Amino acid sequence: MSKTLFQSTLVVSAMTLLSRVLGLLREMVFAHYFGAGPVTDAFLFAFRIPNFLRRLFAEGGFSQAFTPVFAEYRQTRSARELKELVDRVFGTLGMILLFLSALGMLAAPLLVWAFTPGFAQRPEQFALTGDLLRITFPYLFFVSLTACAGGILNSCGRFGPPAFTPVLLNVSMISATLWIAPRLEMPIMAVAWSVTVAGVLQVALQLPFLARLGLMPRPRWGWRHDGVRKVLKLMVPTLFGTSVAQINLLINTQLASFLAAGSITWISYSDRLMEFPQALLGVALGTVILPSLSKEHADASPEAFSRTLDWALRLALLIGLPASLALALLAGPMLATLFQYGKFGAYDVVMTSKSLATYSIGLLGFILVKVLAPGFYARQDTRTPVKIGIIAICANIGFNLLLVWPLAHAGLTLATSLAACVNAGLLLRGLRRDGAYRPAPGWRRFAWQLLTANLVMVGVLLWGAGDLQLWLQAGAAERALRLGGLILAGMAAYAVTLLLCGLRPRELLKH
């Protein structure tokens, strides 16, 4: 089982790596042409709202609620009943999202005022943000249907196509920035339209793969269908429980709108670099283990359920901990190498590096939440993550009030990081308390191996990073070569130390 999960995780990670590399390229192009300022802040907010709702309704609450029900139908119902579930869910979700998208477009100015009240003090920026939000809001409808299709494919073991769909968003936005934006009087409008176009393309990509499985949806309203009602019943609390990080990010956006111009952009670029390891590991692991955990729960196999969680936790720590440390130590060099071009200057690099360094403190927490939360949803326990999520959001607000004034935008990202650690710690305690997770033997030895390897890697990175001013003054080629060499040296030091400490790759498969 672990070998199959590992292979599936590699497939999802490979597709996600391609998407995130293109995502970084997208941000580099965007930073070069638009820099950090009021227009950029306006677009990033207009993109964040439908993206937040997409994670809330589709990839978050819906996926976590739908997958266990779909797995149960596959195990216990006929093919006809399974197909009817797909049709009814698609039809019901589609109608709800169509209504929400139309409502969001009509209420765009109200949403801007509610989530970025600081923009109201700058009328031109406020009006531009509303116009951009009307253009990007339909993305919620299309990408949510994409996530619905992806949940079906993932449950059937087809992980590649859903993991590839984000590539289309990046390609669409890069193309619009390079070739369409320069031809418009208001260039940023082209980027906004590219978001909605990408949503249409993402839905279209999924349909042939559903057809091969005999599960091409014929959307029908199904409010009274037993399976739909069960999904909706599970979905309501998971809307909140799976989106704590996104809610915290919106809170940060509200507070950042009162800070210096560019603060939202600095936080957004930090979030982009944080998403890279989060998606490669946290999202990939969460995507892969949820169907397995759901099946193991349906089969009444608690031992296999616990082993799957144990394997995922070890892999998350093995990769997530060094990634967190590397992001903190190399925040400045990475940002200078990736973004210090055109309108994104040295000052923006310094300011963004502050928020990225504090954000990285919570990277392991973000990853562990993605791994631990499926342990509840696979057992159709949606209440516990909600209770923990409320605690995490309250903690984030409290940390914000303490940290925003002394640290400005970096205080907001630090607060989110600390809240993520609180969230992960409480989820782990809940799984242990319920008896759903029982650590397998060997954790003390594994912890010693991780500690030693990470200390060696930190020493190498500190020695090679040097002063940030040297990176800011260097040319693009020099920065790229130096950063690439430093990352390879850190990875090599980490891997060799693990081998010397006795950790072997086959242990990942054994567990």
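As the structure is a computational prediction, the values presented were derived from the model and not from experiment.
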Would you confirm whether [X], through its side chain, and [Y], through its main-chain N or O, come within 3.5 Å as a donor-acceptor pair?
| X | Y | answer |
| --- | --- | --- |
| H409 | M351 | yes |
| D271 | I267 | no |
| T177 | M173 | yes |
| T497 | A453 | no |
| D310 | P439 | no |
| T146 | F142 | yes |
| R482 | A465 | yes |
| S144 | L140 | yes |
| T129 | V112 | no |
| S417 | Y359 | yes |

Check against side-chain contact (heavy atoms from CB on, under 4.5 Å), L259 and L412
CA-CA 11 Å; L259 302 177; L412 299 178; 4.1 Å; yes
Can you tell me how far [atom2] of [Y] sits from [atom1] of [X], rounded to the nearest 0.5 angstrom?
| X | Y | atom1 | atom2 | value |
| --- | --- | --- | --- | --- |
| L309 | L428 | CG | CG | 9.5 Å |
| L210 | R212 | CG | CZ | 11.0 Å |
| L483 | L488 | CG | CG | 9.5 Å |
| S306 | R432 | OG | CZ | 9.0 Å |
| L132 | F43 | CG | CZ | 7.5 Å |
| R26 | L22 | CZ | CG | 10.0 Å |

Nearest heavy atoms of [X] and [Y], plus distance in Å:
| X | Y | value |
| --- | --- | --- |
| W443 | A440 | CD1-O, 3.1 Å |
| S172 | S194 | OG-O, 2.8 Å |
| A190 | L184 | CB-CD1, 3.6 Å |
| V460 | A493 | CG2-CB, 3.8 Å |
| S270 | S355 | OG-OG, 2.6 Å |
| L364 | A316 | CD1-O, 3.9 Å |

Would you call [X] and [Y] a side-chain contact if the rule is heavy atoms closer than 4.5 Å?
| X | Y | answer |
| --- | --- | --- |
| D131 | I135 | no |
| L372 | L313 | yes |
| Q206 | P161 | yes |
| F399 | T416 | no |
| R504 | L499 | yes |
| Y33 | L178 | yes |
| D41 | F45 | no |
| P333 | L486 | no |

R158 NZ/CZ over F209 ring centroid, <6.0 Å and within 45° of normal
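No cation-pi geometry.
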Assess the residue pair F30 and I188 against the criterion (side-chain contact (heavy atoms from CB on, under 4.5 Å)); give the C-alpha distance rounded to whole Å, side-chain angles, the decisive distance to 0.1 Å, and a yes or no.
CA-CA 10 Å; F30 192 81; I188 199 68; 3.8 Å; yes
L472 and R479: CA distance, side-chain angles, deciding distance, side-chain contact (heavy atoms from CB on, under 4.5 Å) verdict
CA-CA 9 Å; L472 297 175; R479 290 197 298 255; over 6 Å; no
Report the residue from V349, L335, T352, D348 that forms a side chain to side chain contact (heavy atoms under 4.5 Å, CB included) with Q340.
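Single side chain to side chain contact (heavy atoms under 4.5 Å, CB included) partner of Q340 among V349, L335, T352, D348: V349.
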Would E478 and W471 satisfy side-chain contact (heavy atoms from CB on, under 4.5 Å), going step by step from the backbone distance to the final call?
CA-CA 9 Å; E478 181 184 348; W471 291 85; over 6 Å; no
Is it the case that T413 and T358 place a side-chain donor and acceptor less than 3.5 Å from each other?
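Yes - a donor-acceptor pair under 3.5 Å links their side chains.
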Just do the ring pair (Phe, Tyr, Trp, His ring centres under 6.0 Å) check on Y269 and F344 with the steps written out, would you?
CA-CA 11 Å; Y269 284 137; F344 198 89; 5.2 Å; yes
